[in-house]
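These numbers come from the heavy atoms of this one structure, side chains and all, not from hydrogens, waters or symmetry mates. Throughout, a chain's letter reflects where its sequence line sits, starting with A, and its residues are numbered from 1. In this text the structure is predicted, and so the values were computed from the model without any measurement.
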Amino acid sequence: DAKTTQPNSMESNEEEPVHLPCNHSTISGTDYIHWYRQLPSQGPEYVIHGLTSNVNNRMASLAIAEDRKSSTLILHRATLRDAAVYYCILRDIYAGGTSYGKLTFGQGTILTVHP
Amino acid sequence: EAGVTQFPSHSVIEKGQTVTLRCDPISGHDNLYWYRRVMGKEIKFLLHFVKESKQDESGMPNNRFLAERTGGTYSTLKVQPAELEDSGVYFCASSPPRTSAKETQYFGPGTRLLVL
């Protein structure tokens, strides 16, 4: 899987939008961009994924650069419950065989939300 | 619908002892994964079952780790004998049939293992 780069940490205030960046300059045309997050003392949970177009769901929005070398996870109104480690992960749709089942986690971004 | 469950939530054992971790995936999920995070490190993949078959065990650290999934339902991960460096959090995840890069994995809360 291609490598991703994220800031180690970010801070936000409650009720404000948060933009979490991810660089993936070596992304291939068949890589999906996935975001997971890990709340304290819990397992990771899926947030959102996309390929080329921007995506929205009830949790967040994903903005993908036109060249796909970077993406941004957007939390429109941060709450204290959004404090977590956010992971940006690439997965190749054509990896096939034994290689694309697993998720490859990086260090992620620790998001702190202030009341 | 019940999520992925793991047992025990915590385990403290002495070096040299044996520990068995259990994971119950979401009903109907053919894919089951084991991951772990050791202290200060990233979450790392251990292995992937499709039903009862090991699809990918490239992340298993050594032969002290044995994973099974008899009958394609729950899975166990046994560490024998446990070493200090095995301490960490062990996560299990499951996903529906037809693994693909769009697939979502559902994680359990993890088992926190401490080897003294």
Please round to the nearest 0.5 Å and tell me the distance separating atom CD of B/Gln55 and atom NZ of A/Lys102. 12.0 Å

Counting only heavy atoms from other residues, nucleotides and ligands, does the tally under 6.0 Å from CD1 of B/Ile13 exceed 12? yes

Indicate, with yes or no, if A/Leu62 and A/Leu111 share a hydrophobic cluster defined by side-chain heavy-atom contacts under 4.5 Å among Ile, Leu, Val, Met, Phe, Trp and Tyr. yes

Nearest heavy-atom contact between B/Thr104 and A/Tyr46 is CG2-CB, 3.4 Å

Any donor-acceptor pair under 3.5 Å linking the side chain of B/Tyr33 with the backbone of A/Leu103? no

Are A/Phe105 and B/Tyr35 side-chain neighbours, meaning at least one heavy-atom pair lies under 4.5 Å? yes

With hydrophobic residues grouped by side-chain heavy-atom distances under 4.5 Å, do A/Ile74 and A/Tyr32 end up in a single group? no

Mark yes when over 12 heavy atoms from residues, nucleotides or ligands other than B/Asn62 sit less than 6.0 Å from its CG; otherwise mark no. yes

Do you know which two heavy atoms are closest between B/Gln105 and A/Tyr36, and how far apart they sit? N-OH, 2.9 Å

Side chain from CB out, backbone as N, CA, C, O: work out which of these in A/Gln107 comes under 4.5 Å of a heavy atom of chain B, or both, or neither. both

First locate atom CD of A/Gln42, then atom CZ of B/Phe91, and finally report the distance between them rounded to the nearest 0.5 Å. 9.5 Å

Quick one: pull up OG1 in A/Thr104 and CD in B/Glu42 and give me the separation to the nearest 0.5 Å. 9.5 Å

When hydrophobic residues are tied together by side-chain contacts of less than 4.5 Å, even through go-betweens, does A/Ile27 share a cluster with A/Leu20? yes

Check whether B/Phe45 and B/Ile43 end up in the same hydrophobic cluster, where Ile, Leu, Val, Met, Phe, Trp and Tyr are linked by side-chain heavy atoms less than 4.5 Å apart. yes

As an exercise, state the distance from CD of A/Glu45 to OH of B/Tyr106, rounded to the nearest 0.5 Å. 11.0 Å

ILVMFWY network linking B/Leu21 to B/Tyr74, side-chain heavy atoms under 4.5 angstrom: no

